[in-house]
**Q** 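I have a structure here, written as structure tokens, and I will follow up with some questions on it.
Each chain gets a letter, A, B and so on, in the order the sequences are listed, and its residues count up from 1.
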Amino acid sequence: MLELKDLHAEVEGEGIEILKGVNLTVTKGEIHAIMGPNGSGKSTLAKVVAGHPEYEVTKGDILFNGESILELDPDERAHAGVFLAFQYPVEVPGVTNNTLLRESYNTIAASRGREEMDPLEFDDYIREKLDLVEMNPDFLERSVNAGFSGGEKKRNEIFQMAVLQPTLSLLDETDSGLDIDALKIVSQGINKLHGDDDAVVLITHYQRLLNYIVPDQVHVMIGGRIVKTGGKELALELEERGYDWLESLATVNGEAK
Amino acid sequence: MAHPERIEPSIMHELATQVSDSRNSLWTDIRDNGLMVLNSSSFPSKKIEEWKFINLKPVSRTDFVHIEDAGTLPAIDIEKYFLPESDRSRLVFINGSYHEKYSSIGGLGKGVTVGNLADYSKDDHVKEYLNKLVNYENDVFSAYNSFMFEDGAFIHLEKEAKAEAPIQILNLYTDSSQAFVANPRMLVVAEEDSDVTIIEDHIGLGENRYMTIPVSEVKVKQRAHIHHVRIQRDSIDAFHFSRPIAYVEKNSEYHSYTITLGGKITRNEPRVIQEAEEVDFTLDGLVLIDGDQVADTHSVMDHRFSFAESHQLHKVVVNGNAHSIFNGKIFVRRDAQKIDSFQENRNLLLSRDGLVNTKPQLEIFADDVLCSHGATIGQLDPEEVFYLQSRGMTEEKAKEVLTYAFALETIENVKVESVHKLLIQEVYRYTKANSNPKVLA
Ligand SMILES: Nc1ncnc2c1ncn2[C@@H]1O[C@H](COP(=O)(O)OP(=O)(O)OP(=O)(O)O)[C@@H](O)[C@H]1O
Ligand SMILES: [Mg+2]
């Protein structure tokens with residue numbers, strides 16, 4: 001489903017390299033977790049896959065379902081099935097959640113050859129998804145994320161994921177900011193949404209999330225590279241030992257991290 | 001007053017002298033008064049502080065001719081501008097002249113008088129207020145209007161009268177082969193406890209050059225409410241100089257919303273003057289400009305007594321080489337306490353070559369006053385654009401949605417449904433036309 005091949009990326013126009021050769025393969029039906037210290041490039045990786053114009057891919061490739069998506073605009077990637085749940089969801093005053101979702105759902109549906117829904121159908125559909133993440137319908141008529149609490153923003157991201165039905169979901173620290181109950185609800189939602197035909201990549205700092213959403217693989221990112229990959233027990237080991245013991249791996253080829 | 005010999009001959013003065021002195025006017029005193037100001041006032045130039053950002057050369061270099069010589073084309077297909085809500089409460093003016101056959105009055109219920117000023121020249125209210133409320137110092141534009149106007153809208157509400165429908169004042173400007181000047185005039189007197197909604201629309205039917213100088217005088221007496229929407233959709237080559245002034249009495253409310261879409265040069269000078277305690281007024285604006293349009297708003301909110309609540313949200317979207325100017329004066333006089341005044345000018349700059357000048361101006365002489373004011377100039381936030389794109393919207397669509405959202409806030413309070421819809425369409429049309437690649441990321 002997703003293949004990153006020696007992916008290098010830098011801040012557009014500033015020559016600051018952040019991703020320094022990421023290799024990663026995610027197969028349909030799988031859940032992957034990416035962990036790693038602050039500033040190691042996890043969010044950048046997610047944004048680069050989603051096509052953020054702030055970053056320039058200088059080397060390597062991103063294959064999605066076997067084809068390079070480097071030349072695709074962010075919306076085209078979304079149409080293809082990529083979804084990014086932001087670490088810091090943006091507030092968009094004046095655009096209601098409902099407007100955004102209807103607009104998005106219909107453009108994505110059209111690009112995939114699915115039928116658009118009329119407003120009534122869409123209403124029913126969206127209620128169902130609200131229930132999934134136990135979100136209050138009042139949020140539909142509020143401006144996207146404007147004035148939402150930290151946890152509400154995160155829940156809203158997963159709500160959007162539920163509505164848009166992506167095939168690859170990159171969830172960047174969705175767990176941070178959620179209270180204990182919300183974490184449980186949102187995790188269950190993600191589990192329900194996940195099936196054999198899609199894949200989920202979780203970026204997280206906490207092993208706790210992985211008790212709810214069990215990953216097939218855990219990757220450690222340090223200095224813009226994935227330095228170690230293991231099963232779910234790797235997360236437990238990290239919880240215990242931190243990242244120090246892996247730091248040396250980050251400079252394996254003598255390159256600066 | 002300046003000495004006559006120091007006054008440069010103004011284009012307005014020249015225009016006035018073209019008019020034959022034998023012209024019969026209903027409004028002799030008002031006319032004389034206008035001429036006096038024209039005789040003693042010079043045409044504004046950039047040397048004057050209040051006019052320093054706006055270039056009026058295109059106006060002074062235009063050869064305006066008398067309306068009869070302008071080669072005006074007939075106004076056709078104008079029914080599409082009629083508001084359904086104002087089916088029986090509409091006055092139509094073409095190039096400033098009243099047209100009874102398109103107008104329709106009588107659907108307003110008891111105690112509401114609506115008609116052509118020229119038919120009410122003997123009315124006591126007209127005698128009492130017409131030209132008495134307009135107050136723009138050495139202003140050649142309002143003076144010219146006073147010198148020239150014959151027709152105009154007259155709206156009077158008796159005590160406790162509630163207009164049953166919104167009143168549409170439709171000002172149409174026809175296509176023409178030469179430039180002309182129109183002088184729309186309006187007087188609104190709302191007696192105690194009355195209530196009225198006025199939709200004042202200015203529409204250019206062609207793409208020709210003309211100058212319109214709408215002057216409106218509004219008196220809001222005790223506990224009366226006025227909702228006043230002003231839509232400026234002049235021709236793309238037109239000049240628009242408007243002077244709407246409102247006086248608000250005790251416990252009254254005056255809420256005005258000005259939407260500026262058309263015109264080559266617009267200078268809008270709305271003023272609200274408080275005449276007693278406990279009033280509530282709004283002076284909101286939305287400006288959507290592109291190409292080489294210039295839109296200048298110089299407003300005054302004059303708080304003269306205690307307990308006033310005032311609100312001014314002035315939103316501007318600038319594209320192309322367009323230029324927006326905002327100067328919002330807020331006066332709070334010495335004895336006016338407990339004033340709660342909000343003013344904000346927000347500018348969205350979509351192009352590299354657009355220009356914004358903004359100057360909130362607070363002159364506060366009282367101490368128990370809450371005045372929040374601010375001005376921002378910004379572009380679309382690339383993070384917001386990316387967020388929407390990541391949800392499947394094209395870049396174009398995302399920018400359109402964000403511009404639309406920015407503009408929409410100011411028209412949310414327009415309470416006549418068809419007007420609200422129309423404005424949404426206008427905003428939509430503007431954002432659609434302006435979300436193409438000339439927009440900066
Ligand atoms: N636009 C940018 N300009 C300059 N530096 C940037 C930019 N974007 C990211 N960086 C830098 O790249 C590094 C990686 O950032 P990134 O947000 O990907 O880290 P992260 O692994 O997600 O961290 P955290 O766990 O704290 O969320 C950081 O040092 C960050 O400051
Ligand atoms: Mg991060």
**Q** Count the heavy atoms of every other residue, nucleotide or ligand shown that sit under 6.0 Å from NZ of Lys5(A), and state whether that count exceeds 12.
**A** no
**Q** So which heavy atom on Tyr387(B) is nearest to which on Asn145(A), and how close?
**A** OH-ND2, 3.2 Å
**Q** Go through the atoms of Phe83(A) and report whether side chain, backbone, both or neither lie under 4.5 Å from a heavy atom of chain B.
**A** side chain
**Q** Please classify the contact of Glu54(A) with chain B as side chain, backbone, both or neither, using a heavy-atom distance under 4.5 Å.
**A** side chain
**Q** For the CD atom on Glu121(A), are there more than 12 heavy atoms of other groups (residues, nucleotides or ligands in this structure) within a distance under 6.0 Å?
**A** yes
**Q** Which heavy-atom pair separates Asp75(A) from Met393(B) by the least distance, and what is that distance?
**A** CB-O, 3.0 Å
**Q** In plain terms, say whether Glu383(B) and Lys47(A) are close enough for a salt bridge, that is, a side-chain N and a carboxylate O under 4.0 Å apart.
**A** no
**Q** May I ask you to decide if Arg391(B)'s main-chain N or O and Ser104(A)'s side chain share a donor-acceptor pair within less than 3.5 Å?
**A** yes
**Q** Under 4.5 Å from any heavy atom of chain B, what part of His52(A) do you find: side chain, backbone, both or neither?
**A** both
**Q** Can you find a heavy atom in the side chain of Leu402(B) that is under 4.5 Å from one in the side chain of Val92(A)?
**A** yes
**Q** Please look at Leu100(A) and chain B and tell me whether the side chain, the backbone, both or neither of the residue comes under 4.5 angstrom of a heavy atom of that chain.
**A** both
**Q** With a 4.5 angstrom heavy-atom cut-off, which part of Pro93(A) approaches chain B: side chain, backbone, both or neither?
**A** both
**Q** Which region of Glu409(B), side chain (C-beta onward) or backbone (N, CA, C, O), has a non-hydrogen atom less than 4.5 Å from a non-hydrogen atom of chain A, or is it both or neither?
**A** neither
**Q** For the rings on Phe86(A) and Phe386(B), is their centre-to-centre separation under 6.0 Å?
**A** yes
**Q** What distance separates Thr394(B) OG1 from His79(A) NE2, expressed to the nearest 0.5 Å?
**A** 7.5 Å
**Q** Return yes when atom CD of Glu67(A) has more than 12 non-hydrogen atoms of other residues, nucleotides or ligands closer than 6.0 Å, and no otherwise.
**A** no
**Q** Ser390(B) and Ala78(A): which non-hydrogen atoms are nearest, and at how many Å?
**A** O-CB, 3.5 Å
